[in-house]
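Remarks on the structure that follows.
Note that ligands are numbered from 1 as they come in the structure, with each ligand's atoms numbered from 1 the same way.
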Amino acid sequence: MPSLIEQLDGAFRAAIVAAFGAESDPLISVSQNDKFGDFQANAAMGLAKTLSESTGQKTHPRAVAQKILDHLDLTGVASETSIAGPGFINVRIRADHLAGELAKAAADPRLGVPPAASALRVVVDYSGPNIAKEMHVGHLRSTIIGDALARTLSFLGHEVIRQNHVGDWGLQMGMVTYAMETTADSEELTLGGLETLYKRISRATEDPAVRRQMAERTRELQRADKSDLPNWKRVRDLTLAAAHAMYRRLDVLLTEADVRGESDYADRYRDLIDRLVASGHAMETAGALGLFPPGFTNKEGEPRPFLIQSRDGTYQYPTFDLAALEYRVKTLGARRLIYTHDARQAEHFAMLFAVAGLLGWDRTDGGAVSFEYAPFGTMLGEDGKPYKTRSGETVKLAALLDEAEQRARAVVDEKNPEMPEEQRRAVAHSVGIGAVKYADLSKDRISDYVFSWDRMLSMEGNTAPYLQYAHARVRSIFRRAGERGIEATGSGFVLDSPQELALAKHLLRFGDVVAAVARELKPHHLCNYLYELSSRFSGFFENCPVLQSEDPARSSRLRLCELTARTLASGLDLLGIGHPEQL
Ligand code: ARG
């Protein structure tokens, strides 16, 4: 079903065509202050300017607004329209129209959210841990944000292909396998042990001779058959087993089937490079091979290459990504490629996309392909510096999640001492993991954010526990109704009080917000929406008795409760956050 904004958009577009004979975006938005209306159309100012320019006569925006209103047909939808300020058009929606729209949303398993008009095959590239290292907090953001985006896009009907581009074919591989071969007790390797080996060899590569040796080795491995690399396979298996345990714990969708990392394109690199050299796109530059996408220069202002083979003959991060991009476009047939990675990789992705454009890989027979980089900032400690342990080490993800669950457990124990042990453990998991994920998702991903246990686990404010608690509280109304034998009758909504109207209007915005998340790749819009939904629900619940009222108000209010609970649950699902029945 079209949202209220879409309905208004349609009506205003028609009015503008009827009034001025030309199409124009009516610029509908939700009113900041609902004193004058619920929505506003802001097109009159721009239209007046265009008209003044084309006729050479000053046209007043308020006159334009009036002319739009003269042609506007919102019968049955709006109760009131008015012009304000320089030429804003305010619209108030009729309560019975809101009630009708709510009834449609309530009857729809998708809560009235239509699937996207054109469903696309979309690749979401996220997580991407490197071999021989435990995942650390740096991988947390990519994993969580990417997962929320993958969920949201699938909900909108897109065909999402998750791609975990693990870093398993670079210098690290050469170094770690070398360290294993030269260490006596490498039989008993754990991931922690591997990391120690890796650190040791990293220090050794401060010596240029060792560094050359490692590059040479890596070059050989990159040309070898993977089945001849048992140590590499061991390291990879160990790393991925730990990563998948982490994904399960985080309730992230990534599985073994989504892993397609650097080594998965191993047999394509030679051919890729040969083709690019043959076509004249890749050229020699200081002993290396690179492409020169327009617009990229180094500090000296000289063209900057995107290196697909370095001087020492090894394939590099750009090589891996270029092969992966070609595969995603040509073999997977994706029309939208989304990369959720650290803002520090901005230059790399900008060059990658520019190179793909240069090669014509941004078009297929099916249509244009869009490349989108959804970067995120750094997770900071409360001291404002990158989040580290007290001794200055990077924080291991597993340790972080242990602490989250322990802290959540303390909250649950306090709130609900009589809950059975098993359930308490499950709730602590949902709350602890949910708090960590939500703290990350609720900030605009572009900015750095400060990781604070107290804030993220607080029952007040824009946090997962607050939303989970709000959801559980609504569900508890139904348990109480059940105990008293109360059930909603009929199917309609009656909206009288300002709080009911405020809640109704917000419920009907769910689809617009989900679409905005998918368009802008920003889950925090949904977080803000859910937080506001909980606040409006509180306002409603404090002012409008539900079980104590008489029908038809009681049934309508029960339905408002139910739609709120379903919307909260569905929104939390899109974020990958649990919503226990009881907290
Ligand atoms: N392995 C990389 C890292 O740890 C992330 C991979 C990102 N994905 C990509 N297609 N480059 O930083």
* Only counting residues at least two apart or in another chain, list the ones meeting side-chain hydrogen bond (donor to acceptor under 3.5 Å, both in side chains) with Glu403. => Arg407, Trp453

* Asked: Are Asp312 and Arg212 ion-paired here, with the side-chain N under 4.0 Å from a carboxylate O?
  -> no

* Answer yes when Asp512 and Arg519 have at least one side-chain N-carboxylate O distance shorter than 4.0 Å, and no when they do not. => no

* **Between His579 and Asp573: side-chain donor-acceptor atoms closer than 3.5 Å** => yes

* Please confirm whether Arg110 makes a cation-pi placement over Phe155, using NZ or CZ under 6.0 Å from the six-membered ring centre and within 45° of the ring normal. => yes

* **Ring center gap for Tyr265 and Tyr315 short of 6.0 angstrom** => no

* Identify, chain by chain and in numerical order, each protein residue with a heavy atom under 4.0 Å from an atom of ligand 1. => Asp125, Gly128, Asn130, His139, His165, Tyr317, Asp321, Tyr339, His341, Gln345, Phe349

